[in-house]
Amino acid sequence: MNSLAMAGKPTEVLELRGVTKRFGGITACKDLTFHIREGQIMGLIGPNGAGKTTAFNLITGVYGVTEGSIIYNDQIINGKRPDQIVRIGIARTFQNIRLFKNLSVLDNVCIAVDCHETYLLGAACLRLGNVRKREKAIQEQAMEYLAAVGLEDRASVRANSMPYGYQRKLEIARALALKPKLLLLDEPAAGMNPEESLELAKLIRILHERFRLTTLLIEHHMDVVMSLCEKIYVMNFGVKLAEGSAEEIQSDPEVLRAYLGEGYKRAEHP
Amino acid sequence: MTQYLSGILSLGLIYVIATVGLAVFTGFTGLFSLGHAAFFAIGAYTAAILTYFYGVNFYLALAAAGVMSGLVGFLIGYPTLKAKLRTDYFAIATLGFGEATRVLLENLSITQGARGLPGITNYTTLPVIIVIAALVIWVAWNFVHSRHGRAAIAIREDFVAAEMMGVNIFIGRLRSLIFSAACGGIAGGLFAHYFCFIQPSMFTAYMSTQLTAAVVAGGMGSISGPVMAALIFIGVPELLRVANIWRLVAYGLLLVLIMIFRPQGLLGYREISLSGIRDFFARFRKGARS
């Protein structure tokens, strides 16, 4: 139980009510209904093609919902543009890394820091007022976020020249720089070996607490999911299969049959 | 001779102004235009009509040329960019816009149709051009090195990710288009008062292509690259006037060679800087020794 939940009535940060998305005849998500409380880490798991990333795309406004509503802090957000949703506090990373490849690591994060910057175009073009100072502050902030994921000494490197694992971390740093309240991580440990993915899980835990986030996580590495998530939502073929704590999910016969495999046994965790 | 050289330099720098504007739009925001000559033409006619018929002060007319072109940029950009036209479709739309503008200029009475406007006062001198070109380069530089410029670059690199960074793609693209249109307009205003005669047939798709070619050959994501390329594109054909019939061949060959040997352009994603030049020569010397 974390301190926030104990402090008072737990508040729901995000709530999905009967969210359905159809692409022509294909129903990618059907009647998704769940909520995340403030300070929670929630896992979204399921086989490939279950509609997990589609759910992320619906929450972040990349797709419009066909039916249902998405509520963030008592505000309906479906129908808003992605950039508007980012500004009210939802940030995400991508399953297939989407960095600004030709830019430096620092510039990647600067673009995210810019999200809450306000100096005007005219001032920028003529370098009026405190633009120079603001620019310096943006870079310093960006460096802080890079330091948070351990990339501060690679700031001037071109983003796509870094190894894969670092690119994933850069995506997380970039998402954090948007100052989100709700962070959506789409397979952050994809392509990592078990050791690396557990290290990443530790990092996610640290960042989650340091930045007081609420985190929704898609992941296939079960040891990452089971060690991080208080609550897990399992999807299969676009519908909910199960919902509950890590223990409940691991003993759910339906989940074992559809996804984890009959022989699944919980791995030991530190 | 000096007069001849200053003539080439003047024309070159007028092109530099338009090219720098287009570099912000194409090189930094990632959209292609095949109709930027239209903004050049609108600026030329706006400024010329104001000084010629209404006796407006030259610098005011120049500012009006920039504003007018920027306004037209807004009008053409609003529907096309709002509809999120893909880059190639957008290029086709600008091609149509460029031709439509030329036809319009040929048929309006205030522009005196195809006869053009002769006898515009020669206000544009080399020092004026140098000052304005430097100013435009400085402003463009500041623009691309600000949060607004970074937003444009993010759109060029990956517009889905850019949207997820809180960038409004429509506003970002429109802002760059208006900026480049205004630069084109100012260049046009200077052009009109430099040649003292304008007619619609000066602003054809050939000019649009030349501007875009200068940006691409100079390098995407660079300002100094397109500046150099614009000067080369104006300078080389002039120098080759002696071999008149080979001029266009040499020009074409130059473009082909750049695309083969430097597909990223002269200075793709880079700028000329003193430290960069020093590094280059240091490497050169080291290479010669080993």
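The figures here come from the full heavy-atom set of this structure, side chains too, leaving out hydrogens, waters and symmetry mates. Residue numbers begin at 1 in each chain, while the letters A, B, ... track the order of the sequences.
- Within a 6.0 Å sphere centred on NZ of A/Lys179, heavy atoms belonging to other residues, nucleotides or ligands number more than 12.
- When atom types are taken as modelled, the side chain of B/Asn142 and the backbone of A/Cys125 share a donor-acceptor pair closer than 3.5 angstrom.
- Across every non-hydrogen atom of A/Arg87 and B/Gly166, the tightest pair is NH2-O, 2.6 Å.
- Both the backbone and the side chain of A/Ala112 come within contact range of chain B, with heavy atoms under 4.5 Å apart.
- The number of heavy-atom neighbours closer than 6.0 Å to CZ of A/Phe23, taken from other residues, nucleotides and ligands shown, is above 12.
- There is no contact between B/Leu135 and chain A, counting heavy-atom distances below 4.5 Å.
- Within the 4.5 angstrom heavy-atom criterion, only side-chain atoms of A/Ile138, from C-beta onward, approach chain B.
- Within a 6.0 Å sphere centred on CE of B/Met228, other residues, nucleotides and ligands contribute more than 12 heavy atoms.
- Under the side chain to side chain contact (heavy atoms under 4.5 Å, CB included) rule, B/Glu157 has a single partner from A/Asp107, A/Asn102, A/Ile111, which is A/Asn102.
- Within a 6.0 Å radius of OH in A/Tyr164, other residues, nucleotides and ligands contribute more than 12 heavy atoms.
- Heavy-atom contacts from other residues, nucleotides or ligands closer than 6.0 Å to CG of A/Asn96 number more than 12.
- For a residue to count as touching a neighbouring chain, one of its non-hydrogen atoms must lie under 4.5 Å from one of that chain's; by this rule A/Leu121 touches chain B with backbone and side chain alike.
- Only the side chain of A/Arg81 has a heavy atom closer than 4.5 Å to any heavy atom of chain B.
- In this structure, the side chain of A/Tyr119 engages the main chain of B/Arg147 through a donor-acceptor pair within 3.5 Å.
- No more than 12 heavy-atom neighbours from other residues, nucleotides or ligands sit within 6.0 angstrom of CZ on B/Phe159.
- The two residues A/Phe100 and B/Asp158 come nearest to each other via the heavy atoms CE2-O, 3.7 Å.
- A/Cys115 and B/Met165 make their closest contact through CB-O, 3.7 Å (heavy atoms, listed as atom of the first residue, atom of the second, distance).
- Looking at every heavy atom in both residues, A/Leu126 comes nearest to B/Trp138 through O-CH2, 3.4 Å.
- A/Arg127 contributes atom CZ, which lies 10.0 Å from atom CH2 of B/Trp141 (distance to the nearest 0.5 angstrom).
- Heavy atoms only, all atoms of each residue included: B/His145 and A/Glu135 are closest at O-OE1, 3.6 Å.
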Quiz item: What's the verdict on side chain to side chain contact (heavy atoms under 4.5 Å, CB included) for B/Asn168 and A/Asp83, showing C-alpha distance, side-chain angles and the deciding distance?
Solution: CA-CA 6 Å; B/Asn168 185 326; A/Asp83 57 286; 3.7 Å; yes
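- Of the inter-residue distances, the one linking B/Arg150 atom CZ with A/Asn108 atom CG reads 11.5 Å to the nearest 0.5 angstrom.
- No more than 12 heavy-atom neighbours from other residues, nucleotides or ligands sit within 6.0 angstrom of OH on A/Tyr166.
- Rounding to the nearest 0.5 angstrom, the gap separating the OG atom in B/Ser146 from the CD atom in A/Glu117 is 10.0 Å.
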